[in-house]
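Whatever order the structure lists them in is the order used to number ligands and atoms, beginning at 1. Any value given below was found using the heavy atoms of this structure, including those in side chains, with hydrogens, waters and symmetry copies removed.
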Amino acid sequence: MSKLCIQGGKRLNGDVIINGAKNAAVAILPATVLVDGISVIENLPNIDDVAILNDAMRSLGAVTNFLDKHTLEIDASTVYQHSALDECISKMRASYYLLGALLGRFGKAEVAMPGGCDFGGRPIDQHIKGFEALGAKIEVVDNVIRATADKLIGTRIYLDVVSVGATINIMLAAVLAEGTTIIENAAKEPHIVDVANFLNMMGANVKGAGTDVIRIKGVEKLHSGKYSTVPDQIEAGTYMIAAAITGGDVYVRNIIPEHMESLSSKMREMGVEILEGDDYLRVIAPDVLKATNVKTLPYPGFPTDLQPQMAVLLTVATGVSTMIEGVFENRFQYIEQLKETGAKIQVEGNKAIIEGVENLKPTHLKATDLRAGAAMILAGLKAQGGETVIHNIKYIDRGYESVEEKLAALGANIYRKSSN
Ligand code: EPZ
């Protein structure tokens with residue numbers, strides 16, 4: 001069990017290069033099952049979730065090969081298995097994308113009920129609604145989802161909840177279906193557009209991704225090809241906040257600035273200067289951060305995956321801020337940890353009231369999930385007068401590539417220590 005050790009108080013300066021998006025990669029890798037041939041996926045983040053999905057693809061019979069640490073070649077023409085029940089797969093939420101992909105290609109799929117971060121109830125009723133509307137029969141027995149269909153037929157599907165996972169999963173099941181599928185009230189996140197672009201690169205006919213109505217005209221089959229994933233909006237946002245909380249001046253590079261608009265505007269309200277280039281943002285911290293109010297919403301609203309990181313920034317802003325979690329029912333578990341640093345936060349249902357303090361105290365903190373882990377690092381970068389130690393960092397490795405190397409290159413005093 002490794003841990004991260006941080007001596008806070010260092011201003012971050014310099015350039016950080018952002019990797020490909022985790023939430024695009026963990027959808028595109030299962031989507032390669034739909035290709036009766038070879039997919040070469042570039043700009044993949046070198047993270048645990050990608051490694052687990054690579055193993056999952058191999059367990060289905062695909063032949064895979066890392067051409068370098070960010071490029072994976074997958075030959076899915078050899079896939080013969082329709083069952084992905086391995087425990088390490090089910091731990092990942094994105095394992096549910098194997099359902100849509102296997103059902104779409106073979107008309108049958110068996111996947112364990114997905115795990116993932118605990119944010120209260122995370123049902124998949126909208127995924128099932130979509131698959132059943134396309135003509136599939138769905139059974140859930142002993143925590144295993146079985147989906148079968150003689151033929152998938154395109155239809156109109158209205159999502160009762162704006163869901164990233166359901167939007168993508170229905171898209172995967174619909175690309176080889178007969179006729180046209182229309183997904184209404186679809187989610188619009190950048191990684192949804194990225195999955196649609198990947199599928200279209202392989203010969204699919206998906207229109208409207210990025211809007212709330214997506215039209216998928218079924219095609220015979222998908223062909224081999226190469227694709228490069230979109231930059232990671234959430235990794236970029238995490239480093240933008242790291243620059244602001246340390247009083248730094250950082251160029252966050254290899255990003256699509258438009259994807260960061262909701263965060264940039266909130267940081268500007270706090271007095272942070274943000275200068276925009278074609279594929280970078282320069283973040284210059286003010287002497288004093290001002291309080292503000294944030295509510296998380298589906299894209300293009302403020303991303304829930306930056307909620308814990310932004311809350312940490314608000315703990316050292318002058319005045320009282322509020323953070324409302326508008327996507328998940330319970331995503332404030334990390335706050336008990338944060339209070340250990342002296343942060344002043346009160347939670348009322350899905351609202352956190354944050355009274356700014358001068359500084360945070362170094363202490364031992366536990367990562368309770370991926371983004372909460374990133375938030376604990378930000379608290380450690382700010383806390384002065386001793387060492388902050390972060391435990392359970394396996395959560396962080398699931399979604400951030402080389403986090404301590406990247407931060408150290410910006411001037412942070414951070415290192416990984418294995419505890420054996
Ligand atoms: C995806 O999760 C991301 N995970 C999450 O990122 C992210 O927080 C979330 O989208 C929202 O942006 C991946 O992409 C692998 P949803 P997902 O379906 O698909 C409800 C991270 O840190 N809902 O958009 O599970 C649901 O309970 C992770 O990278 C239903 O009610 O999220 C939630 O309240 C954490 N029924 C809301 O919709 C359904 O069938 C949004 O969930 C599906 C969802």
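In this structure, L172 CG and L102 CG are separated by 10.0 Å, a value rounded to the nearest 0.5 Å. Taken to the nearest 0.5 Å, the OG1 atom of T363 stands 11.0 Å off from the CG atom of L338. Distance CG/L297 to CD1/I324: 9.5 Å, rounded to 0.5 Å.
Here the protein heavy atom with the shortest distance to atom 36 (N) of ligand 1 is D125 OD1, 2.7 Å. Given atom 11 (C) of ligand 1, the protein heavy atom at minimum distance is T304 CG2, 3.8 Å. Protein heavy atom at the shortest distance from atom 32 (O) of ligand 1 is F328 CZ, 3.8 Å. Summary of contacts: the protein heavy atom closest to atom 29 (O) of ligand 1 is R371 NH2, 2.8 Å. Nearest protein heavy-atom neighbour of atom 31 (O) of ligand 1: P123 CG, 3.4 Å. Nearest to atom 8 (O) of ligand 1 among the protein's heavy atoms is D305 OD1, 2.6 Å. When hydrogens are left out, the protein atom nearest atom 38 (O) of ligand 1 is V161 CG1, 3.1 Å; that is the closest non-hydrogen contact. Here the protein heavy atom with the shortest distance to atom 19 (O) of ligand 1 is Y96 OH, 2.7 Å.
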(request) Start with the C-alpha gap between D278 and R253, add the side-chain angles, then the distance that decides, and say whether salt bridge (charged side-chain N to carboxylate O under 4.0 Å, His left out) holds. (result) CA-CA 9 Å; D278 291 346; R253 294 193 181 280; over 6 Å; no
(request) Could you walk me through whether K406 and N19 pass side-chain hydrogen bond (donor to acceptor under 3.5 Å, both in side chains), step by step? (result) CA-CA 11 Å; K406 286 189 178 188; N19 285 104; 2.7 Å; yes
(request) For Q126 and D160, run side-chain hydrogen bond (donor to acceptor under 3.5 Å, both in side chains): C-alpha distance rounded to whole Å, both residues' side-chain angles, the deciding distance at 0.1 Å, then the answer. (result) CA-CA 7 Å; Q126 297 301 303; D160 306 313; 3.1 Å; yes
(request) Please step through side-chain hydrogen bond (donor to acceptor under 3.5 Å, both in side chains) for the pair Y227 and D194, ending with a clear verdict. (result) CA-CA 10 Å; Y227 189 76; D194 209 37; 2.5 Å; yes
(request) Decide side-chain hydrogen bond (donor to acceptor under 3.5 Å, both in side chains) for R215 and T181; before the verdict, give the C-alpha distance in whole Å, the side-chain angles of both, and the deciding distance to 0.1 Å. (result) CA-CA 6 Å; R215 290 170 196 283; T181 300; over 6 Å; no
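Checking L314, I353, N293 one by one against V320, the side chain to side chain contact (heavy atoms under 4.5 Å, CB included) holds for a single residue, I353.
Electrostatic pairing of E404 and R416 counts as a salt bridge here, judged by a charged N lying under 4.0 Å from a carboxylate O. With salt bridges taken as basic N to acidic carboxylate O contacts below 4.0 Å, none links E269 and K290.
An N or O contact shorter than 3.5 Å links G165 to ligand 1 by distance. Considering backbone and side-chain atoms alike, V327 places an N or O below 3.5 Å from some N or O of ligand 1. For ligand 1, the polar-atom distance check against V164 finds a nitrogen or oxygen pair separated by under 3.5 Å.
Both the backbone and the side chain of S163 come within contact range of ligand 1, each with a heavy atom under 4.0 Å. Neither the backbone nor the side chain of I128 has any atom closer than 4.0 Å to an atom of ligand 1 (non-hydrogen atoms only). Contacts of R398 with ligand 1, taken as heavy-atom pairs under 4.0 Å, are absent altogether. Contact annotation: for H127 versus ligand 1, heavy atoms closer than 4.0 Å belong to both the backbone and the side chain. Contact annotation: for Y299 versus ligand 1, there are no heavy atoms closer than 4.0 Å.
With no hydrogens or angles considered, a side-chain donor-acceptor pair links E325 and T296 at under 3.5 Å.
Listed by atom number, the atoms of ligand 1 under 4.0 Å from G121 heavy atoms are 27 (O). Atoms of ligand 1 found under 4.0 Å from any heavy atom of R331 (numbered from 1 in listed order, with element): 8 (O), 22 (O), 35 (C). Atoms of ligand 1 lying under 4.0 Å from at least one heavy atom of K22, given by number and element, are 21 (C), 29 (O). If you number the atoms of ligand 1 from 1 as listed, the ones under 4.0 Å from a heavy atom of Q126 come out as 36 (N), 39 (C), 40 (O). Ligand-side atoms of ligand 1 in range of R122: 2 (O), 17 (P), 25 (O), 27 (O), range being under 4.0 angstrom from any heavy atom. Listed by atom number, the atoms of ligand 1 under 4.0 Å from I124 heavy atoms are 39 (C), 40 (O).
Look at A166 and you'll find every heavy atom at least 4.0 Å from all atoms of ligand 1.
Side-chain atoms of V250 and Y239, non-hydrogen and from C-beta on, never get closer than 4.5 Å to each other. Between N23 and D305 there is a side-chain heavy-atom pair separated by less than 4.5 Å.
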